[in-house]
Amino acid sequence: MAAAGLVMGFTTGLLEQLGAPDSPIPVDDASGSWIAAIPGFSLVVGNFIVPSVMARYGRKTANLISIVPLIIGWIGIVLANSITALFIARFLQGLCMGMATSLGSTLIGEYASPRNRGVFLMTISISIAFGVLCVHAMGSYLDWKTSAIVCGSVALIDLVIVIFSPESPSWLADQGKYDECKKVFRWLRGTKEEQELKNLIEASIIVRESKAEANVRRTLLKKIKSNVVYFKTTITKKEFFKPIFIMIHIYMIGQWSGVNILVTYSIVIFNRVVGPDCNIPLMIMALDGHRIIANIFAIYIIKKAKRRTMLFTTVGINVLALLGLAAYTYAKENRLLNTDYPIIGILLIHLLMFAVATGTISLCFIIAGEIFPLEYRSLAGGLSVLFYSANLFLNVKTIPYLLNNIGVHGTCCLYCVVILYCLLIAWWFLPETKDRTLQDIEDEFRGRPMTMEELKSAQSLASWKAYNTDRRCSTPVV
């Protein structure tokens, strides 16, 4: 996830240096926005590739495969001598990001104890923020090819870490490798959660038996028909489409919160809000450091506050910060202020970062890790991330256009409209998920508990299911 942060923040220094008069690869605003936005487009491809790889070959293999396009992408940037080469390299990096988006939350959910799951899910945001800080610092003092070499080295370190990491105990249980499952589970969590290990294996045995019964004398045509029936039946279920509808809007809040301006176009926003006379490299690194501190602060808050309370509070602050930036920049551009107050612009940018880092972005990962039923998480998560990717691409691609045509104040007001609409949807549909089991949350969407017969029937048809953790025996998350 830190490597994903490097990919996201790399364009800040890259576009600044490519825009210089002596740049070896000249770019304008249009081509620069494509360089920044392409990972958002390819992200969805990676997200749809990874579930089947995870289900068939395991989480570790999927993780290893995801690092390959990342390494090739950094090598491509180092060797690039044209815009086209940069486009291809950034596409490959987005492919890795898409795979990592699913892998990160999946591995944490299956590796970690439920009592630590919320805290560990927060480390995703911290890792990304740390990667952004590092690459922004490099971009301020190193040329972009040297920065790419350093980032590629980090990807190689990732490869070594994954090679020596264990396979997921949930996947091992699903494959019937129960002895290895027990060994890995106890290595990860010790011996204090034996009941969950027992439940995991028992549930896996039930699922494997039901699948075996369903596959007896089944032809390929029957398998295809059963999958079609499964899909048609699934999309009409409340516990399937309601979480997708909610997460589409939660992801929209995250992408239209202003985070992409702060991460990808931080030099531009400081120039327009504070002015070109400030020490912009120092400002950017201070902002990135603030993001890490806010993420760490959020780890404490997430253990105390309810998810809905935290979401509405931090997004409310997010909206106020955007409105404050809109008012300040409008007054500044139209000479409504008697004198310039750079400190006001700096404080408003930091207030926006505090809201984004504490809750607006962080809660996207946490809610996504808790709201989807485990039976449908692969399919439902993939569909919702499709909208995540579309919003990421659309937001990053349109930032230069919006800033040049309606200014900072118009852009901030537009973002506020999108966020307030999505917040209204979340207020109406999002259930509280803190300290509730995954099964309890699913039952609320369904309107009733799931019977044992329904469980067996559904599991026998779910041929593409990528997550196999016991749905009935989940313990409370923090």
Side-chain angles (χ1 to χ4, degrees), residues 3-46 69-101 128 131-140 142-152 154-155 255 258-272 280-281 284 288 388-405 411:
L6 295 176
V7 172
M8 294 166 62
F10 182 73
T11 49
T12 300
L14 175 66
L15 296 182
E16 180 73 10
Q17 294 180 34
L18 292 182
D22 58 345
S23 170
I25 307 176
V27 299
D28 52 20
D29 284 347
S31 56
S33 66
W34 275 107
I35 292 173
I38 277 178
F41 175 77
S42 56
L43 182 149
V44 69
V45 180
L70 179 65
I71 295 174
I72 296 174
W74 286 121
I75 293 174
I77 289 177
V78 173
L79 301 178
N81 54 13
S82 67
I83 288 288
T84 303
L86 289 175
F87 285 168
I88 294 172
R90 293 287 290 172
F91 181 91
L92 291 172
Q93 291 178 332
L95 199 66
C96 169
M97 286 178 60
M99 299 182 76
T101 299
I128 292 174
V132 171
L133 170 61
C134 291
V135 78
H136 278 174
M138 287 188 289
S140 299
L142 302 175
D143 68 90
W144 56 275
K145 290 202 173 187
T146 304
S147 297
I149 292 173
V150 176
C151 294
V154 174
Q255 291 306 312
V259 64
N260 293 314
I261 293 180
L262 299 179
V263 172
T264 307
Y265 291 93
S266 49
I267 294 177
V268 176
I269 199 67
F270 272 112
N271 270 321
R272 291 184 177 238
I280 290 182
I284 292 174
D288 293 335
Y388 168 86
S389 175
N391 278 280
L392 173 61
F393 175 78
L394 182 62
N395 182 262
V396 174
K397 186 70 178 71
T398 57
I399 286 173
Y401 177 83
L402 292 175
L403 292 178
N404 291 332
N405 287 275
T411 303

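The model shown is predicted, which means the values in this text are computed figures rather than measured ones.
Under the side chain to side chain donor-acceptor pair (under 3.5 Å) criterion, the residue pairs touching residues 12-21 are Thr12-His136, with sequence neighbours excluded.
Among residues two or more places apart in sequence or in another chain, the side chain to side chain donor-acceptor pair (under 3.5 Å) test is passed with Thr398 by none. Residues passing the side-chain contact (heavy atoms from CB on, under 4.5 Å) test with Leu95 are Val45, Ile49, Pro69, sequence neighbours excluded. Applying the ring pair (Phe, Tyr, Trp, His ring centres under 6.0 Å) rule to Tyr265 yields no partners; only residues at least two apart in sequence or on another chain are considered.
A distance-only check finds no donor-acceptor pair linking the side chain of Asn395 to the backbone of Asn391 [under 3.5 Å]. Checking side-chain atoms of Arg90 against main-chain N and O of Thr11 turns up no donor-acceptor pair under 3.5 Å.
Remark: Ile261 CD1 to Ile399 CD1 distance equals 5.0 Å, nearest 0.5 Å. With rounding to the nearest 0.5 Å, the separation of CZ in Phe10 from CG in Leu15 is 9.5 Å. For the atom pair OG of Ser42 and CD1 of Ile88, the computed distance is 12.0 Å after rounding to the nearest 0.5 Å. The structure places CG of Asp143 at 10.5 Å from CG of Leu14, a figure rounded to the nearest 0.5 Å. Going from atom CD1 of Ile149 over to atom CG of Leu142 covers 10.0 Å, rounded to the nearest 0.5 Å. Note that the CG atom of Asn405 and the OG1 atom of Thr411 stand 9.0 Å from one another [nearest 0.5 Å].
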Output a table of donor-acceptor pairs, distance under 3.5 Å, between side-chain atoms of residues 26-40 and any protein atom two or more places apart or on a different chain; print 'none' if there are none.
| unit_1 | atom_1 | unit_2 | atom_2 | d |
| --- | --- | --- | --- | --- |
| Asp28 | OD1 | Ala30 | N | 3.3 |
| Asp28 | OD1 | Ser31 | N | 2.8 |
| Asp28 | OD1 | Ser31 | OG | 2.8 |
| Asp29 | OD2 | Asn404 | ND2 | 3.2 |
| Ser31 | OG | Asp28 | N | 3.0 |
| Ser31 | OG | Asp28 | O | 3.3 |
| Ser33 | OG | Asp29 | O | 3.3 |
| Ser33 | OG | Ala30 | O | 2.6 |
| Ser33 | OG | Lys397 | NZ | 3.0 |

N/O donor to acceptor pairs below 3.5 angstrom from side-chain atoms of residues 72-87, sequence neighbours left out:
| unit_1 | atom_1 | unit_2 | atom_2 | d |
| --- | --- | --- | --- | --- |
| Ser82 | OG | Ala85 | N | 3.3 |

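Counting all heavy atoms, side chain and backbone alike, Met138 lies closest to Cys151 at CE-SG, 3.8 Å. Shortest non-hydrogen contact noted between Gln255 and Asn260 is OE1-ND2, 3.0 Å. For the residue pair Gly9 and Val135, the shortest heavy atom distance occurs at C-CG1, 3.3 Å. The two residues Leu262 and Ser266 come nearest to each other via the heavy atoms O-CB, 3.0 Å. A pairwise comparison of heavy atoms in Leu6 and Gly131 identifies CD2-O, 3.2 Å as the closest pair.
Side-chain contact between Val268 and Leu403: present, with at least one pair of heavy atoms (C-beta onward) separated by less than 4.5 Å. Leu43 has its side chain within reach of Tyr388: a pair of non-hydrogen atoms, C-beta onward, lies under 4.5 Å apart. Put simply, the side chain of Leu70 reaches to within 4.5 Å of the side chain of Val7, judged on heavy atoms.
A 6.0 Å sphere centred on CZ of Phe41 holds no more than 12 heavy atoms belonging to other residues, nucleotides or ligands.
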